[in-house]
Amino acid sequence: GQNIDQPTEMTATEGAIVQINCTYQTSGFNGLFWYQQHAGEAPTFLSYNVLDGLEEKGRFSSFLSRSKGYSYLLLKELQMKDSASYLCAVRTPSASKIIFGSGTRLSIRP
Amino acid sequence: GAVVSQHPSRVICKSGTSVKIECRSLDFQATTMFWYRQFPKQSLMLMATSNEGSKATYEQGVEKDKFLINHASLTLSTLTVTSAHPEDSSFYICSATTSDRGRETQYFGPGTRLLVL
């Protein structure tokens with residue numbers, strides 16, 4: 001079966017750093033995505049990890065450990081506009097399907 | 001990044017009618033598109049994989065006769081919700097894959113909000 005776990009909700013302070021964790025157990029692995037989704041809108045692509053390690057892109061970084069089935073998304077210098085849901089998703093070998101976790105709702109307080 | 005459009009963005013219909021949603025890749029060709037459904041405060045649930053020129057592959061529990069998918073060209077896939085009922089009210093999102101700097105990435109359309117009365 002497919003199982004992707006991430007915390008339901010998190011709160012952080014403007015200007016701070018927050019780490020959103022994701023663990024997965026899937027039948028096969030072809031890469032892990034992080035998406036940002038604001039309420040009422042479609043998800044937007046943030047990052048894609050297929051090899052172990054940290055990938056940095058501006059204020060956002062994503063880390064992957066395939067042996068541990070673990071990833072995290074790190075957001076630095078938080079801004080109010082970062083309040084959104086963050087979706088962890090795994091691509092499976094089967095027809096390149098992407099399976100989504102339940103998402104983490106991040107609230108930023110001033 | 002690549003652009004995927006959906007039409008309509010919102011639709012309200014009466015119970016029992018059928019609704020067609022279009023998904024287009026605007027600046028690239030997509031041999032595979034995906035259809036997702038998202039209920040309020042829930043994550044995206046994959047409904048089906050749409051393959052150009054062949055039948056769609058449906059996820060377990062998704063009725064293929066109720067959710068008709070047609071992938072007529074490399075830039076267009078359509079989802080038709082047949083005989084819609086209030087429980088079909090949801091946010092429907094399509095996506096298409098393309099290679100971005102050597103990496104296959106999935107881009108999402110803006111979504112279609114369906115309300116069945």
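Just so it is clear: chains get the letters A, B, ... in the order the sequence lines come, proteins before strands, and each one is counted from 1. Atom set for the values below is all heavy atoms of this structure, side chains included, hydrogens, waters and symmetry mates excluded.
Annotation: A:E77, atom CD; neighbour count of heavy atoms from other residues, nucleotides and ligands within 6.0 Å does not exceed 12. With a 6.0 Å radius and a threshold of 12 heavy atoms from other residues, nucleotides or ligands, B:K66 has its NZ atom above the threshold.
If you measure heavy-atom distances from B:I93 to chain A, the contacts under 4.5 Å come from the side chain alone. Within the 4.5 angstrom heavy-atom criterion, atoms from both the backbone and the side chain of A:I98 approach chain B. There is no contact between B:Q6 and chain A, counting heavy-atom distances below 4.5 Å.
Contact of the A:F45 side chain with the B:Q106 side chain is not registered, since no non-hydrogen atoms from C-beta on lie closer than 4.5 Å. The closest side-chain heavy-atom distance from A:K97 to B:T57 is not below 4.5 Å.
To the nearest 0.5 Å, the span separating CG on B:L44 from OG on A:S102 amounts to 11.5 Å.
B:Y92 and B:M33 sit in two unconnected hydrophobic clusters of ILVMFWY residues. Membership requires side-chain heavy atoms under 4.5 Å apart, directly or through other members. In the hydrophobic cluster analysis, where Ile, Leu, Val, Met, Phe, Trp and Tyr join through side-chain heavy atoms closer than 4.5 angstrom, A:L73 is grouped together with A:L78. The cluster map of Ile, Leu, Val, Met, Phe, Trp and Tyr, joined by side-chain heavy atoms under 4.5 Å apart, puts A:Y72 and A:Y35 in different clusters. In this structure, B:L79 is a member of the same hydrophobic cluster as B:V11, with clusters built from ILVMFWY side-chain heavy atoms closer than 4.5 Å. Cluster annotation: A:F63 and A:L75 are assigned to distinct hydrophobic clusters (Ile/Leu/Val/Met/Phe/Trp/Tyr, side-chain heavy-atom contacts under 4.5 Å, transitive).
Annotation for B:F91 and A:E41: closest pair CE2-O, 3.7 Å, computed over non-hydrogen atoms.
For the set B:M45, B:Q42, B:Q38, the entry with the most heavy-atom pairs within less than 4.5 Å of chain A is B:Q38.
The ring of B:Y107 has its center no closer than 6.0 angstrom to the ring center of A:Y48.
A donor-acceptor pair is defined here as one N or O able to donate and one able to accept, closer than 3.5 Å; no such pair exists between the side chain of B:S43 and the backbone of A:F100.
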**Request:** May I have the step-by-step check of ring pair (Phe, Tyr, Trp, His ring centres under 6.0 Å) for B:F108 and A:F33, ending in yes or no?
**Result:** CA-CA 13 Å; B:F108 286 86; A:F33 294 86; 8.9 Å; no
